[in-house]
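Have a look at the structure below, then the notes.
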Amino acid sequence: MAAGAEAGKPVRKRRPQERAEATRRKLVEVALKEFSERGFDAVTVRDIEVAAGVQRNLLSYHFGNKEEMWKAAAAHVITKLQDFQEQRQDLMRELSPHERLTYTIRSYVRFSAGNPELNRLMIQEGKRDSWRIHWLVEEFMRPAMEGLREVVEADTRIDDRQFVHWYYVFVSGAMMFSMAPEAALLFDVDVTDDEVVDRHAQTMATLLLKEFPR
């Protein structure tokens, strides 16, 4: 009887606002994948709409144009990283400077393993001087870099000349997760495996910390 009653219950229709939010979310997720893998210039508005399975002109309706769509997609993945970090702030405050830096490195690796689009997007945009890299640097990357610099400075005696190299070794910790097919072919390894991610996080922490005195 209960099963029959359950089967007979009307299906709740989503409200227009819910449908609009679901469409926006789908467009953002698909746009991030397309832009991070193919680059801004290679992706068209229609490419994103087709991949998202939405009607023509819905991207323009929700975002205005491709440039604003790109900003929304980039902000989406960077905000995910910020949220990931903020959720760990209470724990970070309880750690020593050395533990805090170690945890920062390991956390970044773990986030990158689950969100390879961030590194792919930065590779796409970091190799050319465009309005997009200027926007990324000013809106997100410079504040993030300066925050990281403070964490590093609290535990090491790295000077500004060294830090630029430390920084790019740090961000390269995400590279393996952006090149999963290559890693599988070269080493027969699944970069999404928890054990592989943990081992990579430990390796990055060891490499980044052992060469610089505290």
Side-chain angles (χ1 to χ4, degrees), residues 10-89 107-145 147 171-184 190-194 197:
V11 177
R12 186 181 73 87
K13 293 183 178 180
R14 290 190 298 181
R15 293 174 298 177
Q17 182 179 357
E18 292 176 324
R19 291 197 298 272
E21 290 173 355
T23 298
R24 283 180 60 89
R25 185 166 56 251
K26 182 65 173 177
L27 284 167
V28 166
E29 291 171 352
V30 169
L32 176 61
K33 181 177 183 297
E34 293 293 314
F35 287 135
S36 66
E37 291 184 355
R38 299 168 55 196
F40 179 83
D41 292 332
V43 177
T44 68
V45 166
R46 190 58 188 148
D47 288 338
I48 297 170
E49 291 173 336
V50 170
V54 303
Q55 295 177 357
R56 184 183 291 274
N57 296 324
L58 272 181
L59 186 151
S60 297
Y61 174 79
H62 287 287
F63 296 97
N65 54 44
K66 189 171 82 164
E67 288 76 12
E68 293 302 315
M69 178 78 264
W70 180 91
K71 288 182 181 179
H76 172 70
V77 69
I78 296 173
T79 301
K80 283 179 69 175
L81 174 59
Q82 292 173 335
D83 291 344
F84 182 85
Q85 294 169 331
E86 287 174 5
Q87 291 168 9
R88 288 152 178 79
Q89 287 304 306
S107 294
Y108 175 70
V109 169
R110 291 194 179 96
F111 177 85
S112 299
N115 300 271
E117 299 85 3
L118 176 58
N119 184 61
R120 291 172 183 154
L121 185 71
M122 296 313 303
I123 291 172
Q124 289 286 353
E125 300 303 339
K127 61 190 179 185
R128 59 177 63 88
D129 188 2
S130 69
W131 66 265
R132 295 181 301 282
I133 192 60
H134 283 261
W135 183 85
L136 282 169
V137 166
E138 295 309 315
E139 293 291 326
F140 298 105
M141 294 173 61
R142 191 182 305 282
M145 180 275 292
V171 297
S172 73
M175 184 68 69
M176 182 175 75
F177 308 110
S178 297
M179 305 180 72
E182 178 188 273
D190 176 4
V191 300
T192 65
D193 182 82
D194 287 341
V197 175

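Electrostatic pairing of Glu21 and Arg24 does not count as a salt bridge here, judged by no charged N lying under 4.0 Å from a carboxylate O.
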Intermediate values then yes/no, side chain to side chain contact (heavy atoms under 4.5 Å, CB included), Val137 and Met145: CA-CA 9 Å; Val137 166; Met145 180 275 292; over 6 Å; no
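Closest heavy-atom contact between Phe177 and Ser112: CB-O, 3.7 Å. Across Ile48 and Met69, no two heavy atoms sit closer than the pair CD1-CG, 4.1 Å.
Annotation: side chain of Arg110 is in contact with side chain of Val197 (closest heavy-atom distance under 4.5 Å). With a 4.5 Å cut-off on side-chain heavy atoms, Val45 and Arg56 do not count as touching. You'll find the side chain of Lys127 reaches within 4.5 Å of the side chain of Gln124, heavy atoms only. Counting heavy atoms from C-beta on, the side chains of Lys80 and Asn115 come closer than 4.5 Å. The closest side-chain heavy-atom distance from Trp70 to Leu121 is below 4.5 Å. A heavy-atom distance below 4.5 Å is not found between the side chains of Thr23 and Tyr61.
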List the atom pairs, with distances to 0.1 Å, where a side-chain N or O of residues 26-39 and a protein N or O form a donor-acceptor pair under 3.5 Å, not counting sequence neighbours.
{"unit_1": "Lys33", "atom_1": "NZ", "unit_2": "Glu37", "atom_2": "OE1", "d": "3.3"}
{"unit_1": "Glu34", "atom_1": "OE1", "unit_2": "Arg38", "atom_2": "NH1", "d": "2.6"}
{"unit_1": "Ser36", "atom_1": "OG", "unit_2": "Leu32", "atom_2": "O", "d": "2.8"}
{"unit_1": "Ser36", "atom_1": "OG", "unit_2": "Lys33", "atom_2": "O", "d": "3.1"}
{"unit_1": "Arg38", "atom_1": "NH2", "unit_2": "Ala42", "atom_2": "O", "d": "2.9"}
{"unit_1": "Arg38", "atom_1": "NH2", "unit_2": "Asp47", "atom_2": "OD2", "d": "3.3"}

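Here salt bridge (charged side-chain N to carboxylate O under 4.0 Å, His left out) pairs that include residues 68-78, with residues two or more places apart or in two chains, are Glu68-Lys71.
Open room surrounds CD on Gln17; 12 or fewer heavy atoms of other groups in view lie less than 6.0 Å from it.
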